[in-house]
Amino acid sequence: MATVSVIVPVLNREHTILRCLESILNQSRIPEEIIIVDNGSSDLTVKKVKDWTARIVNRDLKVKLLIEPVEGACAARQRGLEEAKSDYVIFFDSDDAMRPELIKKALSVINKESKTDIVCWKCEIEQLDGSKRIPSFIPQDPFRGHLIHTLLRPQGYMVRKDFLEKAGGWKKNIKVWNDLETGFRLLLNDPVINSMDEVLADIYAQENSITGKNFSSKRGLWETTIDEMEQLNDSNNHSEKIRIKKIINYRRAILGAMYYKEGNRDAATKLLKSSLRDISSKDKIINYVSYLYTRKGGRGAWLLTYFL
């Protein structure tokens, strides 16, 4: 029987951490352990976690609270990974909540397909204005599904611990889009992926999200993550190497469009030019049209990536 550890990195989330922890505790099949990794909270987060842990001390569940002094979600997640004792791990953000059947259903997939490395499922995102959306879910085309829609977002998958370790774990030098970069490395290792076509996690947007309120405020960091993925792809002999490069360049074009919408036209032009370098005429048209459409506020340009 496979075992599960849930790893929750947290930083100054005194108002959301208990919702997250209660959703894990209320699973119809609770995990073997919850590892909470505080990343330097200055509010009441740690106190609330300790009080919560004390209240459930008699439950059949192991809970660890760790303090990780190195800043960043990657450092906190990696610390949790190193401490985990189970076969599979789920990294779940402290803002969010599991639906009651998540772990039970994920394990039922593994029980049917014992060679599974990753199980993924849909998530629903509640925006700051209260509206909700379910991101596009394309597990049958994992590279496109991930590089465009972040298929392997922390709330959306469970991974075999030793498979993630083989892929390199969480890189502490990746400051933004770290879930995108980590998931990309997992896919380059050709995991056996099984999916569940239902919503099993709720993501709640936060005013003080780590990604910030706009892309321009972290200009350069996004590009570094994209460049890192491109370098990984260039050095890899994956069968989809050429197509992956095309999708990465598409992602550059879309980032450029976001910069343009924020008034950062120099950065937009630079990224657009980079996305058009050394590709076919057809791919240039796709990237350029996607860029123009997105910068004018259009949504759904990703549909053009079917032709990449």
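As the structure is a computational prediction, the values presented were derived from the model and not from experiment. Only heavy atoms go into these numbers, but all of them, side chains included; no hydrogens, no water, no symmetry mates.
- By the 4.5 Å heavy-atom criterion applied to side chains, Glu230 and Arg251 are not counted as neighbours.
- In this structure, Arg252 forms no cation-pi arrangement with Trp222, as its terminal cationic atom is not both closer than 6.0 Å to the ring centre and no more than 45° off the ring axis.
- Contact check on Arg13 versus Asp95 returns a salt bridge, with a Lys/Arg side-chain nitrogen under 4.0 Å from an Asp/Glu carboxylate oxygen.
- Around the NZ atom of Lys48, the shell of radius 6.0 Å holds more than 12 heavy atoms that belong to other residues, nucleotides or ligands.
- Ion pairing between a basic and an acidic side chain is recognised when a charged N comes within 4.0 Å of a carboxylate O; Asp141 and Arg144 show such pairing.
- When only modelled atom types and interatomic distance are considered, Ser290 and Asn287 share no side-chain donor-acceptor pair under 3.5 Å.
- Checked for salt-bridge contact, Asp202 and Lys132 miss the test: no charged N lies under 4.0 Å from a carboxylate O.
- Tested against Asp96 for a side-chain hydrogen bond (donor to acceptor under 3.5 Å, both in side chains), the candidates Gln155, Arg153, Arg19, Gln206 yield a single pass: Gln155.
- Between Glu181 and Met229, the shortest heavy-atom contact is CA-SD, 4.0 Å.
- Taking a cutoff of 4.0 Å between a charged side-chain nitrogen and a carboxylate oxygen, Lys62 and Glu32 do not qualify as a salt bridge.
- Contact check on Lys171 versus Glu228 returns a salt bridge, with a Lys/Arg side-chain nitrogen under 4.0 Å from an Asp/Glu carboxylate oxygen.
- Taking the six-membered ring for Trp and thresholds of 30 and 60 degrees, Tyr291 and Tyr288 have nearly parallel ring planes, at less than 30 degrees apart.
- A salt bridge is absent between Asp87 and Arg160: the closest approach of a Lys/Arg side-chain nitrogen to an acidic carboxylate oxygen does not fall below 4.0 angstrom.
- Checking Ser41 against Asp38 by side-chain atom types alone, a donor-acceptor pair falls below 3.5 Å.
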